[in-house]
Every structure is written in structure tokens, then in C-alpha cells.
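Single-structure report; data block below.
Heavy-atom basis, side chains included; hydrogens, waters and symmetry copies ignored. In what follows, chains are A, B, ... by sequence order, proteins preceding strands, each numbered from 1.
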There are 2 protein chains.
Amino acid sequence: MAKARVVPLDRSSPVPLWAQLEADLRRRLADGEFSRQFPTDRELVETYEVSRHTARDAVDRLCAAGLLERRRGRGTFVRPEFEQPAGALYALFRSVEASGAEQTIELRALTECTNADAAAHLEVAPDEPLVLIDRTRLADGEPLAIDCVWLPASVARPLLDADLAHGVLYHELAQRCGVHVTGGWERIRPSIPTPCDCEALQMPADTAVFTIERLGRADDRPVEWRVSMVRGDRYSFVTTWDPRTGVDRIPTWQTGTAVG
Amino acid sequence: MAKARVVPLDRSSPVPLWAQLEADLRRRLADGEFSRQFPTDRELVETYEVSRHTARDAVDRLCAAGLLERRRGRGTFVRPEFEQPAGALYALFRSVEASGAEQTIELRALTECTNADAAAHLEVAPDEPLVLIDRTRLADGEPLAIDCVWLPASVARPLLDADLAHGVLYHELAQRCGVHVTGGWERIRPSIPTPCDCEALQMPADTAVFTIERLGRADDRPVEWRVSMVRGDRYSFVTTWDPRTGVDRIPTWQTGTAVG
DNA sequence: ACGTATTTGTTCGTATGTATT
DNA sequence: CAATACATACGAACAAATACG
């Protein structure tokens with residue numbers, strides 16, 4: 001465990017104390033300093049020398065962002081699921097897992113190659129060597145998605161020896177390559193798969209899929225370009241809204257036809 | 001304008017004061033009591049006889065939910081866009097409008113009919129008469145989506161005389177039929193349009209669309225069943241995330257290829 | 001152009017209630 | 001029962017942005 005490094009707050013700064021505190025707690029969270037238990041209000045008051053109100057303000061925002069969870073009488077806890085990658089693609093994997101289905105991965109290819117399109121998104125030269133990870137994801141043995149990832153070989157070459165049929169890519173990427181994906185974007189489009197992709201997904205020829213393009217960044221540069229195809233006849237994107245309880249909830253993935 | 005009806009707070013209730021206050025402000029917002037300007041902190045303190053801290057707590061939550069907006073030195077304001085319908089479909093219309101494109105509507109059909117599938121979603125008998133609104137939506141003259149809505153004729157018959165080529169359906173529904181849609185769900189799927197739909201959308205035969213199914217409820221019962229097809233070759237669903245600044249979990253629609 | 005009043009933003013302090021250990 | 005930790009609620013003061021005479 002890394003030793004606690006606390007950045008002292010600057011009271012003469014125009015940045016509010018709660019914002020400085022929130023930023024430092026975000027940094028310490030990203031450093032993995034709190035495995036599960038988070039400092040109590042009182043501890044924060046003492047280490048940062050602020051009022052309890054200010055400490056709560058910062059922690060409240062981290063709770064609202066979903067990183068922490070407070071439990072009355074017990075303490076504040078890190079939400080481990082939020083250490084997992086963000087975005088609609090990983091939300092799908094998690095919702096499938098939460099449904100009780102057993103997820104397995106078939107590795108179709110794990111090689112070094114070049115790809116001009118992926119290179120463009122990764123902002124490297126078109127002939128720059130890339131690591132390609134081509135996998136099929138299955139839920140209870142039935143194909144759910146095909147998932148192609150390209151990463152610059154200069155940073156991702158250690159992955160060629162990794163076991164990518166289990167676990168989360170980002171964990172391997174952090175452990176073996178020292179790269180932490182911190183942000184990015186995703187674009188979701190409907191598309192018609194090629195006959196080859198249709199076969200891999202074991203779906204009829206006249207059905208459409210979600211194509212999810214995903215770019216992951218490691219602070220200073222893009223490191224992950226991914227194109228995934230998700231069976232649209234089995235999975236759909238569902239949103240509910242209700243002005244009384246709060247509107248526009250986070251979309252979730254569902255299978256089947258019933259919507260609450 | 002309705003006279004201000006303030007529900008007194010119950011200090012012996014186990015429900016926190018801020019929750020009671022938030023609920024009452026939500027109700028007054030729904031009643032349209034505040035056209036644009038919202039009470040100041042001081043006014044809330046006086047009318048509800050709570051501390052400023054409690055009043056701010058309630059208002060902060062309404063701000064977080066997106067219903068209000070506070071501006072230092074000016075006051076608190078109702079966000080008018082939040083009086084508009086929620087969901088991915090209306091988010092698309094708004095983002096197209098925000099892009100500067102001129103939106104027009106072509107009315108293809110406005111009739112009374114029956115439809116067993118729609119009736120099932122509206123929870124009425126299969127032969128119950130429905131109002132069908134079948135429209136094509138265009139952005140700068142180019143087809144963007146086709147949009148079919150079914151409503152129970154018993155409540156929506158006044159719409160047969162309405163001008164549905166302009167304005168928002170929900171406004172007509174509220175004005176002519178006295179029905180306020182307050183909640184519901186949406187399901188998004190990729191699909192392949194029929195040749196007929198392809199023609200209406202003026203798109204090539206081998207492209208896929210987003211199918212958005214939408215169920216709108218008026219508190220006690222479903223009143224709107226809608227199936228829309230959005231050109232997937234022109235519009236995509238984009239999400240960005242960034243753990244440092246807070247994860248952006250609300251997807252937006254974009255056209256073109258550039259993603260920030 | 002300036003000063004004052006208003007309004008929200010931030011920060012402190014204090015006390016009490018409630019759930020958990 | 002007691003200690004701990006979060007939840008709620010009150011009060012007070014000053015700062016920063018805005019509006020207005």
C-alpha cells in the first residue's frame with residue numbers, strides 16, 4: 001500500500017476548499033490508497049484542517065458522482081464497481097454478469113499488426129505496430145458480442161503474453177504496461193454485420209447489431225481503439241424517466257421484452 | 001397563475017425537512033407556479049420557516065437533478081428545457097435543433113385506427129380505437145427519422161384537428177386533451193428498415209437504423225406508444241467519460257465523425 | 001462611475017438524532 | 001450500554017457576483 005500523501009490545501013487560493021479537497025481525494029482514490037474503507041468525516045477534518053461541513057461537502061460530491069457510498073453508523077466506502085471501466089460497453093458486460101449469466105471469452109486473435117484506421121484514432125503513424133486483441137464474448141455459451149481492440153505496440157507489447165480470456169483488459173494494461181486509462185469517449189451506431197461477423201455471432205443474416213466504437217485515453221494520449229459489435233436482437237438500451245423521482249436515469253442494458 | 005399553495009412542513013415526521021421541502025417545491029414546479037424566477041434562499045427561509053442550510057439543501061438537490069439553476073448574485077431560475085419531454089428521442093430533436101439545422105415535419109397520416117401491438121403496450125383492448133400520428137422528421141430538408149405514435153382515441157381524439165406539423169406533441173396533448181405525460185421508458189435497438197421505410201428515409205438499402213420504442217405514461221396509465229426510426233448513418237449516440245472531472249453519463253447525439 | 005443592496009457561494013461553529021458496532 | 005459514524009438542523013459571518021439608483 002502506498003503511503004498516504006496528503007496535498008495541503010491553499011486557503012488563499014480562489015479555488016474553494018471543498019474543490020481542492022475533492023480533487024485530492026479523487027487523486028488518492030485513483031492511486032488506490034483506500035482499498036475499501038474511506039477516511040471518516042472526523043479524520044478528514046483533522047488531516048486537512050477544515051470544518052466538518054467542508055469535508056462533507058467534498059465527500060458528498062464524490063458520493064453523487066458514484067465513487068463513494070456513505071452508510072450511517074458504519075462509515076464511508078469506496079464503490080469497487082466504480083474502479084471498473086466506464087462507458088456503455090462495460091455497462092453491458094456488467095449488466096450481463098448481474099443477470100446471472102456466465103460470461104466467457106473466446107480469443108480469436110492476439111497479434112502484432114498494423115491498421116491505418118486504428119492508428120489514426122490512436123494518433124500514431126499508419127505503419128506503427130499495434131497489438132490487436134480480437135475476442136468473442138459469450139453469455140452462457142451464446143455469443144453476445146465481438147470485440148476488437150487495438151493498442152500501440154510500444155506500450156501494449158507485454159499483453160501478448162497475457163491471459164486475455166479472463167479478467168478485465170484494463171487491469172492487465174495497468175499491471176503489465178503501467179498504463180491507466182482515465183477517460184475517453186464512445187460512439188454507438190446501428191449497423192449490419194458482414195456475413196463473417198454474422199457467423200461469429202451466430203445470428204441470422206437479416207438482423208442488425210450495435211456497433212460501439214470506443215477510444216480510451218491515458219491522460220496524455222489515446223491508447224485504446226476498440227470496435228465492438230453487440231447482438232441487437234438480444235440486447236437493447238433502456239432508459240426510464242420520471243420527473244418526480246429525478247429524470248433521465250443512466251441507461252441500462254436489458255434482454256427480453258419486459259420493461260419496468 | 002395559480003395562487004401559491006405552500007404545504008406546511010411536519011417537524012415531527014421522520015422524513016427529513018429538506019426532503020419535505022424538496023417534494024413541495026417539485027410539486028409547485030409541476031404546477032407551473034414559477035414561470036422562470038424561483039424564490040430566493042431568504043424567501044424560502046421565511047415561507048417555510050427553516051434555516052438557510054436546509055433550504056439550500058433542498059434547492060441543491062433540485063439543481064443536481066437539473067430542474068433549477070442558481071446564478072450567483074442573480075437568483076435561482078427554472079430551467080425551461082426541463083419542461084420539455086425527456087428521453088433519448090427528444091434529446092435527438094433538441095441536439096439537431098441546437099446544431100442550427102431547421103427541423104420540419106411531414107405528416108404522413110393522422111387517423112383513427114386499431115393496432116393490436118400498440119393496444120397491448122397502452123394496456124387497452126386490441127380493438128380499442130387509437131389515434132395514429134405518422135410523421136417524417138427532416139433536418140434542413142433531409143430525412144432524419146420516421147415517427148409513429150399511437151394514443152388511445154378516448155383521450156387523444158381532439159388531436160385529429162390539431163396541427164401536428166409544428167410544435168411538440170406533448171404541448172398539444174396537454175392543451176387539447178388535458179393529459180400530462182410524466183414518466184415512461186425508452187428502448188433503443190439497431191434494426192434494418194423495410195424497403196418502404198428505407199424510401200421514406202431516403203437512405204440506401206444496406207444501412208441500419210436506430211429503432212426507438214417509447215412508452216409515455218400519464219401517472220395512472222400509459223397514453224403514448226411510439227416507434228421511431230432514426231437514420232443510423234447520420235446520427236450516433238456519443239458518451240464521454242473522465243473520472244477526474246466526474247463521469248459524464250448522459251449520452252448525446254452527434255452527427256459527423258469528430259468526437260471531442 | 002460609484003456605492004449600496006441583494007443574492008448566491010463558501011466556511012466556520014454547534015447541537016441533536018439515528019444506525020451500527 | 002457505550003462509543004463511533006453518518007444524518008439532520010440550526011446559527012453566523014464573510015466573499016463574490018450582480019443589479020440598481
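- Between the CG atom of B/Leu44 and the P atom of D/dA9 there is a distance of 15 Å, given to the nearest Å.
- Distance, A/Arg42 CZ to D/dA7 P: 16 Å, rounded to whole Å.
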Under 4.0 Å protein heavy-atom contact, by nucleotide of nucleotides 9-19 of chain C - B base, S sugar-phosphate only:
BBBBS----BB
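- Under a 4.0 Å N-O distance rule, the pair A/Glu123/A/Arg221 does not qualify as a salt bridge.
- Applying the salt bridge (Lys or Arg N to Asp or Glu O under 4.0 Å) rule to pairs touching residues 168-179 of chain B yields B/Glu172-B/Arg176, sequence neighbours excluded.
- For B/Tyr235, the ring-ring contact (aromatic ring centres under 6.0 Å, His included) criterion is met by no residue, not counting sequence neighbours.
- With sequence neighbours excluded, the residues satisfying ring-ring contact (aromatic ring centres under 6.0 Å, His included) with A/His53 are B/His53.
- Considering only residues two or more places apart in sequence or on other chains, A/Tyr48 meets the ring-ring contact (aromatic ring centres under 6.0 Å, His included) condition with none of them.
- Counting to the nearest Å, the C1' atom of C/dT7 and the CD atom of B/Glu69 are 15 Å from each other.
- Every residue was checked against the salt bridge (charged side-chain N to carboxylate O under 4.0 Å, His left out) condition with B/Arg72, not counting sequence neighbours, and none meets it.
- To the nearest angstrom, P of C/dT8 lies 14 Å from CG of B/Leu62.
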